[in-house]
Amino acid sequence: MCNFAKIFIKMPNSNFNLTKEKIISFLWQHILLLVSLYFMTLGVALCVRSNLGSSVISSCPLAFTLAGTKGYVPTLSLGTYTNILNVFLVVCQILILRKRFKPVQLFQLLIGFVFGALIDLNMAITSIYVPASIHGQIFEQFIGCTVMSAGIAMEIKCASITMPGEGLPVAIAKVTGKSFADIKIIIDIALVIAAISACLFFFGQWMWNVVGAGTLFAMIYVGAAVKVISRHLGWFDRLLNYNPEFRRYIFGLARFLYSQVRH
């Protein structure tokens, strides 16, 4: 019999019930986190499709994606280049925090990978609608920023591992003692400058569909929208505290697997 099975047998019922509830809560929390990431990435995709300027976090990956279509860099998807950026941001955190970097924060890479995969999914879904008029572009940019704000507000409510884009400002704030908000603004500006520099390097011109009026709008609007939307997410708090009925199926499967281990 494996060690896990022995521990399972010796575990008192009260402790086992507590462990069950913790597992259920953890799974439910991260299912809702996945939902919030979906809305965040849907918003990102809509902003990109507006052609008025992408969101801050996707501006640099978008510049490299477009460069890839010209053969200047490897031809990778927007989500893949976003994954590369997320890895870079986590490496920066490790270099800044050193011994203060907690291994659990490496889960940012997993969250970042899911984020990148969902960007590619939503880029495929939104490919059916690319607005032709300026009014359509403005509308899509506004909807994209609003949907992204809702996703960010829900992600904050989930209180799980932070995204790499927020993890780096947190790390710098810890070391410098500066406020997170101030550092976040500086990081966002740095990412936008990097995207502009990439456009100038690869294309010899400022690409307004990468960094444009929509990017500036997102930088101003999203933070304010997150604050407003967060005040109306009481229903999401109740959802987070809900014990889903499918728990009996989860633990029915666990008991079946356990019985197979014993035999």
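Residues Thr65 and Thr75 are not in side-chain contact: their nearest non-hydrogen atoms beyond the backbone lie 4.5 Å or more apart. Between Phe217 and Val222, every side-chain heavy-atom pair lies at or beyond the 4.5 Å cut-off. Considering only heavy atoms from C-beta on, Val35 stays 4.5 Å or farther from Tyr38 through its side chain. Using a 4.5 Å cut-off on side-chain heavy atoms (C-beta onward), Phe142 and Ser50 make no contact. Side-chain contact between Ser59 and Leu62 is absent, with no heavy atoms from C-beta onward closer than 4.5 Å. Contact of the Thr162 side chain with the Gln105 side chain is registered, since non-hydrogen atoms from C-beta on lie closer than 4.5 Å. Contact of the Ser133 side chain with the Phe139 side chain is not registered, since no non-hydrogen atoms from C-beta on lie closer than 4.5 Å. Between Val48 and Val210 the shortest side-chain heavy-atom distance does not fall below 4.5 Å.
Thr41 contributes no side-chain N or O that, together with a main-chain N or O of Phe115, makes up a donor-acceptor pair within less than 3.5 Å. Between the side chain of Trp206 and the main chain of Val211, a donor-acceptor pair closer than 3.5 Å is present. A donor-acceptor pair under 3.5 Å is formed between the side chain of Arg49 and the backbone N or O of Met123. Asn51 places no side-chain N or O within donor-acceptor distance of the main-chain N or O of Asn209, the cut-off being under 3.5 Å. Side chain of Ser149 to main chain of Ala225: no donor-acceptor pair is present (N/O by atom type, distance under 3.5 Å, no hydrogens or angles).
One distance of note links CG of Leu191 with CD1 of Ile196; it measures 11.0 Å at 0.5 Å rounding. Note that the CG atom of Leu233 and the CZ atom of Arg238 stand 10.0 Å from one another [nearest 0.5 Å]. Rounded to the nearest 0.5 Å, atoms CD (Gln29) and CG (Leu34) are 12.5 Å apart. One finds the CD1 atom of Ile187 at 8.0 Å from the NZ atom of Lys184 (value rounded to the nearest 0.5 Å). One finds the OG atom of Ser230 at 6.0 Å from the NZ atom of Lys157 (value rounded to the nearest 0.5 Å). Remark: Met207 CE to Leu66 CG distance equals 5.5 Å, nearest 0.5 Å.
Note on Leu95 and Leu97: same hydrophobic cluster, where clusters join Ile, Leu, Val, Met, Phe, Trp and Tyr whose side-chain heavy atoms are under 4.5 Å apart, directly or indirectly. Residues Ile183 and Ile94 are members of one and the same hydrophobic cluster, defined by side-chain heavy-atom contacts under 4.5 angstrom among Ile, Leu, Val, Met, Phe, Trp and Tyr. Two different hydrophobic clusters hold Phe113 and Leu37 under the rule that ILVMFWY side chains link at heavy-atom gaps under 4.5 Å. Both Met163 and Val56 are part of a single hydrophobic cluster, where members link through side-chain heavy atoms under 4.5 Å apart. By the criterion of side-chain heavy atoms lying less than 4.5 angstrom apart, applied directly or through intervening Ile, Leu, Val, Met, Phe, Trp or Tyr residues, Ile125 is not grouped with Tyr129; the two fall into different hydrophobic clusters.
When all heavy atoms of Gln141 and Thr215 are compared, the closest pair comes out as NE2-N, 4.5 Å. Residues Ala153 and Ile229 approach most closely at CB-CG2, 4.0 Å, considering heavy atoms. The nearest pair of heavy atoms linking Ile57 to Gly165 is CD1-CA, 4.4 Å. The two residues Gln108 and Pro164 come nearest to each other via the heavy atoms OE1-CA, 3.2 Å. When all heavy atoms of Pro131 and Gly136 are compared, the pair lying nearest together is CB-C, 3.5 Å. The minimum heavy-atom distance between Ser58 and Leu78, with the atom names listed, is O-CD1, 4.1 Å.
Using modelled atom types and a 3.5 Å distance limit, the side chains of Gln137 and Glu140 yield no donor-acceptor pair. For the 3.5 Å distance criterion, the side chains of Tyr221 and Thr146 qualify, holding a donor opposite an acceptor. Defined by atom type and a distance below 3.5 Å, a donor-acceptor pair is present between the side-chain atoms of Ser77 and Thr80.
Ring pair Phe64/Phe202 is perpendicular by interplanar angle, where above 60° counts as perpendicular and below 30° as parallel. Note on ring orientation: taking the six-membered ring where Trp is involved, the planes of Tyr72 and Phe203 are perpendicular (angle over 60°, cut-offs 30° and 60°).
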Q: Could you check Ile186 against Lys178 for side-chain contact (heavy atoms from CB on, under 4.5 Å), going step by step and ending with a plain yes or no?
A: CA-CA 11 Å; Ile186 294 172; Lys178 303 293 184 181; over 6 Å; no

Q: Show your reasoning for whether side-chain contact (heavy atoms from CB on, under 4.5 Å) applies to Asn83 and Leu109.
A: CA-CA 8 Å; Asn83 289 337; Leu109 295 174; over 6 Å; no

Q. Please walk me through it: do Thr126 and Leu42 pass side-chain contact (heavy atoms from CB on, under 4.5 Å)?
A. CA-CA 8 Å; Thr126 57; Leu42 176 59; 4.0 Å; yes

Q: May I have the step-by-step check of side-chain contact (heavy atoms from CB on, under 4.5 Å) for Met148 and Val44, ending in yes or no?
A: CA-CA 7 Å; Met148 181 166 51; Val44 168; 3.7 Å; yes

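For the side chain to side chain contact (heavy atoms under 4.5 Å, CB included) test with Phe39, the passing option among Val147, Asn122, Ile152, Leu118 is Val147; the others fail.
Atom NE2 of His232 has more than 12 heavy atoms from other residues, nucleotides or ligands within 6.0 Å. The number of heavy atoms from other shown groups lying within 6.0 Å of CZ (Phe88) does not exceed 12.
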